Amino acid sequence: MTWDQFPIFAVIALCFWGAGSISAWKGRHPGLTFGCTITGLLVFFAFIVSMWISLERPPMRTMGETRLWYSFFLPLAGIITYARWKYKWILTFSTVLSIVFICINIFKPEIHNKTLMPALQSPWFAPHVIVYMFAYAMLGAAAIMAIYLLWFKKEKKATQQEMDLCDNLVYVGLSFMTLGMLFGAVWAKEAWGHYWSWDPKETWAATTWVSYLVYIHFRLHRNRKHRMALSILLVSFVLLQMCWYGINYLPSAQGVSVHTYNLD
């Protein structure tokens, strides 16, 4: 399996996700919604596993490879949200966002080889990245919900049920982010001899983590100020994007950060 086959798997998966989204939007055949979405996930995951076998390493080293996981976890987060809260539009939004990352990977392919630097050969590497990507997907779903409530919802005021959905997505996402940070700390101790060094990426990770805590505390103590809470949620998501890939382009990280190994 090579990266050249990615568009084939991606298009097939997107067709299933699109069919699932349409079914969810119409709200007539829940079985079709789940069947199509899960089938698309299996097709996409088949490519990930095939790449894993072909590269003889987890496909997580480059930004393109992490986008691969994010494209997979977005519809997964969408179907979980749909199953729990029955928001018919969430699968459409998660699919559209997944299309964005898939298109980036198709039109800006990267070099994918078997080379893996010693620091990435740790058994903590795969669980750290997978847990983080799932956390990013859940927090991405929360950001989608915030955008919908702030600018697309016809009624200006968000309902308590809608805010509860944002809260639950953040709770799950932040829990997995915390677990990912703990995995990363153990990995750092094994690879570089210390759990935390305030590397530029680690600093942004801590900032992102704190920002979501700010959102949670704001909701607990100012639960009627919905628009302010949603704004905090979006700021937190922007910080998350900075932590994920924006840090790679900052001068402070060039030649200093130990986390810029994912650049080709």
Side-chain angles (χ1 to χ4, degrees), residues 1-3 5-6 9-10 13 38 40-80 98 101-102 104-105 109-141 172-197 199-202 204-206 208-209 240-241 243-248 253 257-264:
M1 181 66 65
T2 67
W3 194 256
Q5 281 76 51
F6 174 66
F9 283 82
I38 292 173
L41 289 169
L42 291 174
V43 170
F44 204 87
F45 191 65
F47 176 78
I48 294 177
V49 172
S50 298
M51 280 291 292
W52 195 320
I53 295 172
S54 176
L55 292 173
E56 299 179 1
R57 64 168 178 81
M60 302 172 184
R61 184 173 67 87
T62 67
M63 283 303 303
E65 290 169 359
T66 58
R67 284 193 295 264
L68 191 66
W69 287 93
Y70 198 58
S71 301
F72 169 77
F73 280 126
L74 277 169
L76 179 61
I79 195 64
I80 291 173
S98 183
F101 288 96
I102 287 173
I104 293 173
N105 272 358
E110 299 178 358
I111 299 172
H112 304 271
N113 54 50
K114 298 181 180 181
T115 305
L116 205 60
M117 63 181 293
L120 301 185
Q121 296 174 13
S122 167
W124 294 101
F125 170 47
H128 169 71
V129 176
I130 292 172
V131 168
Y132 249 117
M133 286 299 103
F134 182 75
Y136 286 4
M138 296 302 290
L139 296 172
V172 175
L174 186 61
S175 298
F176 275 88
M177 180 187 290
T178 303
L179 185 61
M181 291 178 71
L182 292 174
F183 283 165
V186 176
W187 172 23
K189 177 64 175 178
E190 179 184 285
W192 299 294
H194 43 71
Y195 293 104
W196 193 272
S197 62
D199 172 275
K201 183 144 188 165
E202 293 172 355
W204 279 96
T208 304
W209 187 78
L240 185 151
Q241 301 307 304
C243 173
W244 180 15
Y245 58 84
I247 184 65
N248 294 326
S257 175
V258 296
H259 293 85
T260 54
Y261 45 72
N262 58 353
L263 288 175
D264 257 318

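Keep in mind that this is a model prediction, so the values were computed, not measured. By convention here, the first residue in the shown sequence is residue 1.
Of all non-hydrogen atoms in Pro75 and Leu41, the two that sit nearest each other are CB-CD2, 4.0 Å.
For residues 175-186, the side-chain hydrogen bond (donor to acceptor under 3.5 Å, both in side chains) pairs, not counting sequence neighbours, are Thr178-Trp209. Within the structure, no pair that satisfies the salt bridge (Lys or Arg N to Asp or Glu O under 4.0 Å) test touches residues 68-78, not counting sequence neighbours.
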Step-by-step side chain to side chain contact (heavy atoms under 4.5 Å, CB included) determination, Thr208 to Met177: CA-CA 10 Å; Thr208 304; Met177 180 187 290; 4.0 Å; yes

Side chain to side chain contact (heavy atoms under 4.5 Å, CB included) between Ile102 and Phe44, worked out: CA-CA 11 Å; Ile102 287 173; Phe44 204 87; 3.8 Å; yes

Stepwise side chain to side chain contact (heavy atoms under 4.5 Å, CB included) check, Thr66 with Tyr132: CA-CA 10 Å; Thr66 58; Tyr132 249 117; over 6 Å; no

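For Leu42, the side-chain contact (heavy atoms from CB on, under 4.5 Å) partners two or more places apart in sequence, or in a different chain, are Ile38. In terms of the side-chain contact (heavy atoms from CB on, under 4.5 Å) criterion, residue partners of Ala185 (sequence neighbours excluded) are, by chain and number, Tyr195. The side-chain contact (heavy atoms from CB on, under 4.5 Å) test applied to Ile130 returns Met60, Trp69, Phe73, not counting sequence neighbours.
Residues Asn105 and Trp3 are in side-chain contact: their nearest non-hydrogen atoms beyond the backbone lie under 4.5 Å apart. Between Phe72 and Leu68 there is no side-chain heavy-atom pair separated by less than 4.5 Å.
One finds the CZ atom of Phe134 at 10.5 Å from the CG atom of Leu74 (value rounded to the nearest 0.5 Å). For the atom pair Phe176 CZ and Leu139 CG, the distance stands at 11.0 Å (nearest 0.5 Å). Taking CD of Glu202 as the reference point, atom SG of Cys243 lies at 10.0 Å (rounded to 0.5 Å).
Tyr136 places no side-chain N or O within donor-acceptor distance of the main-chain N or O of Tyr70, the cut-off being under 3.5 Å.
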Ignoring hydrogens and angles, write down the donor-acceptor pairs under 3.5 Å from the side chains of residues 45-52, residues two or more places apart or on other chains.
residue, atom, partner, partner atom, Å
Ser50, OG, Ala46, O, 2.8

